[in-house]
Amino acid sequence: MDEVKAGAGIGAEEKPRKKRKALKLKDLGLGVPATGGEVLRNAKEAAAIESHWRDLGGGKGGGKGGGKPAKGGKKLKYIDELARLQFELIKLQEWVRVNGLKVCVLFEGRDAAGKGGVIKRITESLNPRVCRIVALGTPTEKERGQWYFQRYVAQLPAKGEIVLFDRSWYNRAGVEHVMGFCTDAEYQEFLRACPLFEEMLVKSGIILVKYWFSVSDEEQEKRFTERMRNPIKRWKLSPMDLESRKHWVEYSKAKDAMLEHTDRKLTPWYIVDADDKKKARLNCISHLLQQIPYQDIAPVELDLPPRQGDDGYKRPKKSKQNWVPEVY
């Protein structure tokens, strides 16, 4: 919605009879770009996906592989395919819940590679009680004195849960190592212990999927510049993100060493080409659906019960309640 009603500020009630002028977002100093801005684009995307649910829900069955592109292949519209994949994610979620599966997905990669974007598209159609995001901050003093993996273990999925790690224990192989936040001995111990740790997770019944989002130098610079100029995205850009640009080659070496030590047959890494955000989202979600065999579980048919009668009950007057002013 590009317009809001004016008159909500100081002096709005001084001339109540005066016709209010429609106020556009640009008048508020929000500087909407020609493309509509991220907020508007996301709103349009969500509305377009919502309009697909009747068509998607009308089909019978769901198959086991829901990640295969529908007829049309690469010519399909982004929204059409995203809606289809999100509907498959709902089926996967129900299969995980009913069968008590434990799913853990790691999202790693350079800053501004698009990890948050794909995580958002995965979770926005799912139940947050089943699928949750873990994005841990800087470890506390107490956590620094613990076994390195300890605070991550506490976030692992229980039966019937999907946990998405927006960065994970691989912080030690990346930012901590490159920026000197850990000793070389701690780094070497991580490279040795990590494959053993992940092997234990898999053998305990956890389905572990690891994604590395790969973005080029030029594309990262473009996204950083956009974040610097866009107040809506500014929070995504931290001083550490800017500092990482100075250590581009060191991060590349750290990534290569990480893959060499932790890309195992039992716990492989999957690399996502993330220069094109939309393609990266579709490819990643499609691939994730193929990693967990699932079937469509028909939802239980629900009947809306009649509302309970008033039985002479009188509700308190609205004037005695604190209502939010109708500014819009």
Side-chain angles (χ1 to χ4, degrees), residues 92 96 99-111 113 115 118-119 122 130-214 240 244 247 250-272 284 287-294:
L92 171 62
V96 169
N99 290 279
L101 301 182
K102 296 177 288 186
V103 180
C104 181
V105 188
L106 311 187
F107 294 88
E108 295 285 349
R110 291 186 185 272
D111 301 311
K115 300 180 295 297
V118 72
I119 290 173
I122 291 173
V130 177
C131 180
R132 58 185 172 89
I133 303 170
V134 174
L136 300 182
T138 304
T140 63
E141 190 62 33
K142 178 180 179 180
E143 289 171 334
R144 291 192 188 98
Q146 296 175 342
W147 175 47
Y148 176 71
F149 296 100
Q150 191 166 336
R151 69 180 188 137
Y152 297 102
V153 169
Q155 301 295 335
L156 292 173
K159 287 186 176 181
E161 281 190 336
I162 302 172
V163 175
L164 311 178
F165 278 87
D166 186 352
R167 296 201 181 279
S168 64
W169 46 86
Y170 281 99
N171 278 334
R172 174 137 296 179
V175 63
E176 289 191 18
H177 170 58
V178 174
M179 303 307 297
F181 297 149
C182 68
T183 66
D184 187 62
E186 290 172 330
Y187 169 67
Q188 294 298 332
E189 172 59 17
F190 172 83
L191 295 180
R192 183 199 68 82
C194 184
L196 301 177
F197 170 68
E198 292 179 349
E199 181 179 344
M200 286 192 295
L201 297 184
V202 173
K203 289 186 175 180
S204 74
I206 291 177
I207 299 172
L208 180 64
V209 186
K210 304 187 297 186
Y211 290 112
W212 176 272
F213 279 68
S214 178
M240 189 58 63
S244 70
H247 302 272
E250 292 176 57
Y251 271 101
S252 295
K253 293 179 180 179
K255 175 219 172 183
D256 293 339
M258 178 196 76
L259 292 179
E260 181 182 353
H261 286 82
T262 63
D263 185 13
R264 302 294 180 90
K265 185 176 181 180
L266 189 63
T267 56
W269 276 101
Y270 297 105
I271 313 300
V272 180
C284 184
H287 183 271
L288 178 60
L289 288 165
Q290 296 177 53
Q291 304 312 301
I292 309 165
Y294 67 97

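Residues: numbered from 1 along the sequence shown.
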Looking at [atom1] of [X] and [atom2] of [Y], how far apart are the two atoms once the value is rounded to the nearest 0.5 Å?
| X | Y | atom1 | atom2 | value |
| --- | --- | --- | --- | --- |
| Y294 | L289 | OH | CG | 4.5 Å |
| E108 | Y170 | CD | OH | 8.5 Å |
| D256 | D263 | CG | CG | 11.5 Å |
| L92 | I292 | CG | CD1 | 5.0 Å |
| C104 | I162 | SG | CD1 | 11.0 Å |
| I133 | I119 | CD1 | CD1 | 6.0 Å |

Side-chain contact test, heavy atoms from C-beta onward, threshold under 4.5 Å: evaluate it for [X] versus [Y] and give yes or no.
| X | Y | value |
| --- | --- | --- |
| P157 | V103 | no |
| V175 | Y251 | yes |
| F181 | N171 | no |
| F107 | I122 | yes |
| C284 | Y270 | no |

Can you name the residues that form a side-chain hydrogen bond (donor to acceptor under 3.5 Å, both in side chains) with [X], not counting sequence neighbours?
| X | answer |
| --- | --- |
| R264 | none |
| S214 | none |
| D166 | none |
| W269 | T262 |

* To do: Would you confirm whether K115, through its side chain, and R110, through its main-chain N or O, come within 3.5 Å as a donor-acceptor pair?
  => yes
* Structure fact -> By side-chain contact (heavy atoms from CB on, under 4.5 Å), M200 pairs with (sequence neighbours left out) F197
* **For H261, all residues meeting side-chain contact (heavy atoms from CB on, under 4.5 Å), sequence neighbours excluded** => L191
* Name all residues meeting the ring pair (Phe, Tyr, Trp, His ring centres under 6.0 Å) criterion together with F213; count only those two or more places apart in sequence or in a different chain, and write none if there are none. => none
* Structure fact -> Residue set satisfying ring pair (Phe, Tyr, Trp, His ring centres under 6.0 Å) with Y148, at least two apart, ordered chain then number -> Y152, F190
Which atom names give the shortest non-hydrogen contact between [X] and [Y], and what distance separates them?
| X | Y | answer |
| --- | --- | --- |
| K102 | A158 | CG-O, 3.2 Å |
| A173 | M258 | CB-CG, 4.0 Å |
| V163 | L156 | CG2-C, 4.3 Å |

* To do: If a pair satisfies salt bridge (Lys or Arg N to Asp or Glu O under 4.0 Å) and one of its residues is in residues 136-162, list it, with sequence neighbours excluded.
  => R132-E161, E141-R144, E143-R151
* Asked: With sequence neighbours left out, which residue pairs that include part of residues 170-199 fulfil the salt bridge (Lys or Arg N to Asp or Glu O under 4.0 Å) condition?
  -> R172-E176, E189-R192, E198-K210, E199-K203
